[in-house]
There are 2 protein chains.
Amino acid sequence: MIDHSADRAVFRQLADLLRRQIESGELRPGEALPSELRLADDYNISRTTVRQAIGQLRTEGLVTVDRPRGTFVRVPEPVQIVTLARGDRVGARMPNDNERRKYRLRDGVPVLVVTAHDGTETVHPADRVQLTRP
Amino acid sequence: MIDHSADRAVFRQLADLLRRQIESGELRPGEALPSELRLADDYNISRTTVRQAIGQLRTEGLVTVDRPRGTFVRVPEPVQIVTLARGDRVGARMPNDNERRKYRLRDGVPVLVVTAHDGTETVHPADRVQLTRP
DNA sequence: GGTGATTTGTACGTATGTATA
DNA sequence: TTATACATACGTACAAATCAC
């Protein structure tokens, strides 16, 4: 399972392991991961190390934490379609703290930034918005 | 500077402080942040807490770490313009491990995902690509 | 070439706070 | 009320890579 003598850090090995379970469907959307203490116990590692692994998955947008209920596999949001206007430019970046609060963004969710021809910028949460070129 | 009795966590206060310095230009692109130990000393907090703050800025894509040289304000990459085709849909998400390696993506950089009308998906690093609707 | 100092990374431990069930 | 679970914050120790001398 976890190889302390391996080249890859222990917390990355645990993240890899959980990521595989999520991507394979062994852990399904909405399902809870084992608690931090449980994981620490199961794999004989410290809770700190478990938190590093979970933190990794959070930044990847794979899990969300509902404190203190637990940590859950992220459930896809309903997607709203937004139509691009002529001359629009589209980029993406991670939100800062204010934007995360404003749009109630979960960890690991980027924002789409649409820059209109006149320079006006519009920000969309990337988990709930898709843009279309008609 | 840092208020230990405040509602906002100390590491978030430090992240806010550094973020302001970056966004105001006081810390310029390519410039090094003070070392973790230096920050811990300056603000009388533990290195662990400093690392949480820096970690926050990394997930936001504001700083990059060149170990063990130091932590630097991220330098904008030259942007390539990609034109959208009729019927394309655009989304954004954080990259998985493979994509991070393939595109040599830094922390906190999302990918733009373009889905063509026939379902084909194309992935672009969001720090080096902007999409346009002609 | 080598040595030591610096800096970030990993991993452990402890303690306490806060919100939920 | 009690137990559970995540969040914050402190500490220690050592590893690995770079750099100045």
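Chain A is the first sequence line, chain B the second, and so forth, proteins listed ahead of strands; every chain is numbered from 1.
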Here the side-chain hydrogen bond (donor to acceptor under 3.5 Å, both in side chains) pairs for residues 110-123 of chain B, sequence neighbours left out, are D118(B)-T120(B)
Applied to residues 102-112 of chain B, the side-chain hydrogen bond (donor to acceptor under 3.5 Å, both in side chains) test, sequence neighbours excluded, yields R58(B)-D107(B)
**OP:** Under 4.0 Å between any heavy atoms, over every strand shown, what does T48(B) touch: base, sugar-phosphate, or nothing? Just pick one.
**Re:** base
Shared-cluster residues of V114(A), by chain and number - hydrophobic side chains joined below 4.5 Å:
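Result for V114(A) is V82(A), L84(A), V90(A), L112(A), V129(A), L131(A), V82(B), L84(B), V90(B), L112(B), V114(B), V129(B), L131(B).
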Ignoring hydrogens and angles, tell me if any N or O in the side chain of [X] forms a donor-acceptor pair with the backbone of [Y] under 3.5 Å.
{"X": "T132(A)", "Y": "P134(A)", "value": "no"}
{"X": "Q21(A)", "Y": "L18(A)", "value": "no"}
{"X": "E23(B)", "Y": "R20(B)", "value": "no"}

Output for pair (D66(B) CG, F72(B) CZ), nearest 0.5 Å, gives 5.5 Å
- Query: Hey, which of these two, T49(A) or R51(B), hits DNA chain C nearer its 5' end, going by closest nucleotide?
  - Reply: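 Final value for this comparison: R51(B).
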Contacting residues from [range], given that a heavy atom lies under 4.0 angstrom of DNA chain D:
{"range": "residues 39-46 of chain B", "value": "I45(B), S46(B)"}
{"range": "residues 1-14 of chain B", "value": "H4(B), A9(B), V10(B), F11(B), R12(B)"}
{"range": "residues 54-73 of chain B", "value": "R67(B), P68(B), R69(B)"}

Nt span of DNA chain C in reach of chain B heavy atoms at under 4.0 Å, 5' end first, is dT7(C) to dT10(C)
Could you check whether any side-chain heavy atom of [X] comes within less than 4.5 Å of a side-chain heavy atom of [Y], counting everything from C-beta outward?
{"X": "L17(B)", "Y": "Y43(B)", "answer": "yes"}
{"X": "M94(B)", "Y": "M94(A)", "answer": "yes"}
{"X": "V113(A)", "Y": "R93(A)", "answer": "yes"}
{"X": "D127(A)", "Y": "R74(A)", "answer": "yes"}
{"X": "H4(B)", "Y": "I45(B)", "answer": "yes"}

Path from L62(B) to L105(B) over hydrophobic side-chain contacts below 4.5 Å
no
Indicate if F11(A) and L57(A) have the same hydrophobic cluster label, given that clusters are the connected sets of ILVMFWY residues with side-chain heavy-atom separations under 4.5 angstrom.
->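 No: no chain of side-chain contacts under 4.5 Å links F11(A) to L57(A).
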Between its two end axes (five pairs each) the helix from dG2(C)-dC21(D) to dA21(C)-dT2(D) turns, nearest 10 degrees, through 10°
Residue set satisfying side chain to side chain contact (heavy atoms under 4.5 Å, CB included) with P29(A), at least two apart, ordered chain then number -> V75(A), P76(A)
What is the first contacted nucleotide of DNA chain D and what is the last, in 5' to 3' order, if contact means an atom lying under 4.0 angstrom from a heavy atom of chain B?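 It runs dT8(D) to dC19(D).
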Residues pairing under salt bridge (charged side-chain N to carboxylate O under 4.0 Å, His left out) where one sits in residues 46-55 of chain A, two or more places apart or in two chains, turn out to be E36(A)-R47(A), E36(A)-R51(A)
Restricting to pairs with a member in residues 4-13 of chain A, which pass salt bridge (charged side-chain N to carboxylate O under 4.0 Å, His left out), not counting sequence neighbours?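 As it turns out, the salt bridge (charged side-chain N to carboxylate O under 4.0 Å, His left out) pairs with a partner in residues 4-13 of chain A, which skip direct neighbours, are R8(A)-D16(A), R8(A)-D97(B).
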